[in-house]
Amino acid sequence: MSEQRDDRIAALANIRNLGADPYGSRFVGVQKNAALRAIGDHSNIQPGQILEGEAVRAAGRVHLFRDTGKLIFMTVRDWTGELQWALSKNAIEEGTEARRHEGTEGSAGVPPAAAATLPGSHAAAEEKGESPWPAGDVAWQLAKALHLGDIVGAEGKLGRTKKGELTLWVDRFRMLSKAVRPPPEKWHGLTDVEARYRKRYVDLLANADSQRQFVLRARIIDYIRGVLHQRGFIEVDTPVLQPLYGGAAARPFTTHHNALDMKLYLRISPELYLKRCLVGGLERVYEFARCFRNEGISPRHNPEFTMLELYQAYGDYHDMMEITEAIIAGAARDVIGTYQIGTKARRHEGTEGSAGVSPAVGNVGASPTIQESGDGSAPSVPSCLRASVPDFIDFTPPWPRRRYADLVREHAGIDIADSDAVFAKARELGIPVLLTQGHEPNPEKPGYDRPLRIDTAVAINRIFEHCVEDKLINPTFVIDYPAPLCPLTKRHPTDPRYALRFECFINGMEMGNAYSELNDPKIQHDTFSAQLRGEGDETMAIMDEDYVEALEHAMPPAGGLGIGIDRMIMLLTGSESIREVLLFPLQRPQG
RNA sequence: GAGGAUGUAGCUCAGUAGGCAGAGCAACGGCCUUUUAAGCCGUGGGUCCUGGGUUCGAGCCCCAGCAUCCUCACCA
């Protein structure tokens with residue numbers, strides 16, 4: 001049934017019969033392949049030459065294996081890249097003995113007492129808490145019996161082959177872990193999308209791009225922490241399990257605590273707790289908040305996702321725009337290495353010849369993965385051509401600030417203050433609207449004389465989503481939202497129909513959302529009450545008495561910001577699906 | 001929830017008109033001390049997603065189901 005697995009399990013017994021441990025143990029002092037490559041680059045090793053000096057240690061997974069008889073080449077991969085190893089029968093079989101003598105001679109300068117404890121490699125290995133190296137003949141047999149996917153360790157000297165390939169000429173070799181299942185095909189890797197998500201470990205070990213994706217994610221998040229710490233923010237953790245959910249418009253997951261016999265919700269947003277922190281005097285807080293929303297799944301939605309939220313006392317949404325630029329544009333510049341990032345989606349729309357602008361992952365200056373050795377596979381497009389093909393996003397700050405109402409007028413051709421026009425447009429677009437009393441068109445009374453109500457605002461927002469969002473490719477701050485859409489936001493001081501809120505759109509996706517936070521407990525209470533009266537969507541907000549009480553203790557005026565981290569990573573890495581930036585996206589159980 | 005596509009060896013994929021299930025890589029046996037997805041000779045490996053149906057005969061046609069991807073709706 002699994003022939004190859006059986007063969008490899010049989011190989012386990014053979015390894016043990018040789019007196020070796022197929023699953024290895026401590027192996028320290030290993031240099032990463034990227035570091036070894038750097039040494040190779042700076043040492044000017046000529047083809048056919050071996051670099052004299054200290055032996056180096058390396059370890060990794062066997063990715064390619066070429067056995068030419070008494071000489072074995074293998075390509076060993078670690079998370080910094082690949083390195084070719086060469087094992088010659090003579091060197092391996094005699095190498096251990098030779099090195100043992102070398103080791104003895106080398107220890108001549110060491111004080112006698114120390115030298116006595118280091119008579120040879122076995123003692124040296126034990127000194128490091130490692131098991132001894134296999135004898136040379138055993139090591140050779142281990143090497144001959146390797147399978148793709150095995151994890152191995154070695155000591156040797158760097159050199160170049162006659163063809164110039166940087167190579168570790170191995171003189172000590174050991175097994176570190178036996179793979180009893182075969183890896184995917186060496187050239188194509190694992191491409192089956194379902195298998196890549198279900199068996200992410202296989203995807204990671206087989207596809208260097210997949211590894212790089214998640215290393216980049218980590219670096220971007222580190223970068224964000226750096227930006228925030230520099231500005232005096234502290235990282236806090238607030239509850240995921242909440243007796244009341246709030247801070248966003250979404251359906252929650254529910255769960256139950258047995259000991260307290262209590263219904264709980266998985267948070268849809270950390271907002272109300274972070275603002276309680278502000279009340280308590282934690283003036284600049286942020287959280288990388290895993291949030292859970294019981295909604296549909298799509299290439300842009302996963303039931304659990306990570307949102308960065310931050311709150312800055314005595315600031316407002318203008319400060320949040322500046323931080324948004326610092327975070328997103330800064331990550332593009334410092335982690336990805338450029339303000340101009342191509343997107344696959346945009347590239348597909350372009351002409352054939354426009355494919356030259358690399359997606360983000362292609363031009364990662366800081367990538368841990370080694371560059372393909374100078375084969376020039378991704379020539380950069382001349383800047384003159386690049387300028388003529390709008391298939392990349394330009395993150396260069398500052399980003400434009402556009403009023404919500406202006407964008408709707410520009411792209412939908414209506415004045416959002418005129419509720420008759422709004423509903424007419426909604427009908428024209430086939431958008432279902434919820435009409436409450438007093439909103440039937442009335443020629444006697446122009447639409448824009450009426451107060452802006454929740455149903456009108458919802459219709460406006462549908463129009464915005466339909467007509468405007470996908471036009472916002474380069475980063476754009478959309479400011480001054482219809483107030484009924486923003487129950488937690490301060491009203492505009494001169495026009496209470498609008499709220500001091502922005503959303504940041506990039507590549508047609510909502511990337512960030514920020515407010516000048518509402519800190520008037522009376523208005524907050526009334527807003528919650530209005531929601532409770534059913535003037536809007538069931539999911540929009542629910543009364544949180546404790547939160548209102550917190551505001552009554554006085555919350556400083558503040559700016560608050562939320563950034564969808566997964567979407568930001570998608571954008572910066574050129575990923576078309578959120579599942580490409582989540583290690584283990586939710587999948588149904590296999591039938 | 002609605003529509004479309006996909007599902008064949010460990011992996012990547014072919015599969016004709018409905019007529020014995022195929023290739024490359026991987027694996028197994030053999031040869032090879034400078035290979036680059038190494039090469040050469042030989043061998044083994046299948047719940048053709050699952051369950052029904054039509055047929056002398058189904059990977060292929062029909063019905064139902066499952067999973068995944070895409071589009072749409074809800075949402076960030």
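As the structure is a computational prediction, the values presented were derived from the model and not from experiment. Chain letters run A, B, ... following the sequence lines, proteins first, then strands; residues in each count from 1.
Atom pair A/Asp470:CG and B/U71:P shows a separation of 13 Å (rounding to whole Å applied). When rounded to the nearest whole Å, the span between CG of A/Asp192 and P of B/C70 equals 13 Å. A/Leu205 places its CG atom 17 Å from the P atom of B/G10, with the value rounded to the nearest Å. As rounded to whole Å, 17 Å separates atom P of B/C74 from atom CD1 of A/Ile268. At whole-Å resolution of the value, NZ in A/Lys144 and P in B/G29 are 12 Å apart. One interatomic measurement links the two molecules: CG of A/Leu64 to P of B/U35, which rounds to 15 Å at whole-angstrom precision. Distance, A/Arg251 CZ to B/A73 P: 15 Å, rounded to whole Å. Distance A/Lys163 NZ to B/A37 P: 11 Å, rounded to the nearest Å.
The aromatic rings of A/Tyr481 and A/Tyr404 lie tilted to each other, with the angle between the two planes from 30° to 60°.
Distances from the side chain of A/Glu295 to the nucleotides B/C32, B/C74, B/C70 place B/C74 closest. Nearest to the side chain of A/Lys70, among B/G10, B/U12, B/U33, sits B/U33. Distances were taken from every side-chain heavy atom of A/Asp7 (C-beta onward) to each of B/C13, B/A38, B/C28; the shortest belongs to B/C28. For A/Arg66, counting side-chain heavy atoms from C-beta on, the closest listed nucleotide (B/U71, B/A38, B/U12) is B/A38. Looking at the side chain of A/Lys89, the nearest of the listed nucleotides B/G10, B/U71, B/U33 is B/U33. Closest approach to the A/Leu71 side chain among B/C13, B/U34, B/U68 is made by B/U34 (side chain taken as heavy atoms from C-beta onward). Comparing B/C69, B/A37, B/U68 by their nearest atom to the side chain of A/Arg579 picks out B/C69. Each of B/A26, B/C32, B/C69 was ranked by its minimum atom distance to the side chain of A/Tyr197; first place goes to B/C69.
Between A/Arg293 and A/Ser577, it is A/Ser577 whose nearest contact on RNA chain B lies nearer the 5' terminus. Remark on RNA chain B: of its neighbouring residues A/Lys162 and A/His147, the 5'-side contact belongs to A/His147, judged by nearest-heavy-atom nucleotide.
Ion pair A/Glu503/A/Arg501 flagged as a salt bridge, since at least one NZ, NE, NH1 or NH2 atom sits closer than 4.0 Å to an Asp/Glu carboxylate oxygen. A salt bridge links A/Glu295 with A/Arg251: at least one charged nitrogen is closer than 4.0 Å to a carboxylate oxygen.
Across all strands, A/Arg196 comes closer than 4.0 Å to no nucleic acid atom at all (heavy-atom distances). Contacts of A/Asn302 with the nucleic acid, taken as non-hydrogen atoms under 4.0 Å apart, include base atoms. Counting non-hydrogen atoms under 4.0 angstrom, A/Gly189 reaches the backbone sugars and phosphates but no base. Among the protein residues, A/Glu185 comes within range of the nucleic acid bases, having at least one heavy atom under 4.0 Å from a base atom.
Taking side-chain N and O atoms only, A/Arg8 has no distance below 4.0 Å to OP1 or OP2 of B/G10. Phosphate contact (OP1/OP2 of B/G10, side-chain N/O of A/Arg5, threshold under 4.0 Å): absent. Side-chain nitrogen and oxygen atoms of A/Arg588 include at least one within less than 4.0 Å of the OP1 or OP2 phosphate oxygen of B/A67. Between A/Lys186 and B/C11, a side-chain N or O to OP1/OP2 separation shorter than 4.0 Å is absent. Side-chain N/O atoms of A/Thr191 include one lying less than 4.0 angstrom from OP1 or OP2 on B/U12.
With hydrogens and angles ignored, a donor-acceptor pair under 3.5 angstrom links the side chain of A/Thr161 to the base of B/U36. The base of B/U35 sits within donor-acceptor range of the side chain of A/Gln84, with an N or O pair under 3.5 Å. For a distance-only test at 3.5 Å, the side chain of A/Gln4 qualifies as a donor-acceptor partner of the base of B/A26.
For B/A76, the base is stacked against the aromatic ring of A/Phe305, per a cut-off of 5.5 Å between centres and 30° between planes.
Of the residues listed (A/Arg77, A/Arg37, A/Lys186), the one engaging A/Glu82 in a salt bridge (Lys or Arg N to Asp or Glu O under 4.0 Å) is A/Arg77, and it is the only one.
Counting heavy-atom neighbours within 6.0 Å of A/Arg181 CZ, excluding the residue itself, gives a total of 12 or less. The number of heavy-atom neighbours closer than 6.0 Å to NZ of A/Lys32, taken from other residues, nucleotides and ligands shown, is above 12.
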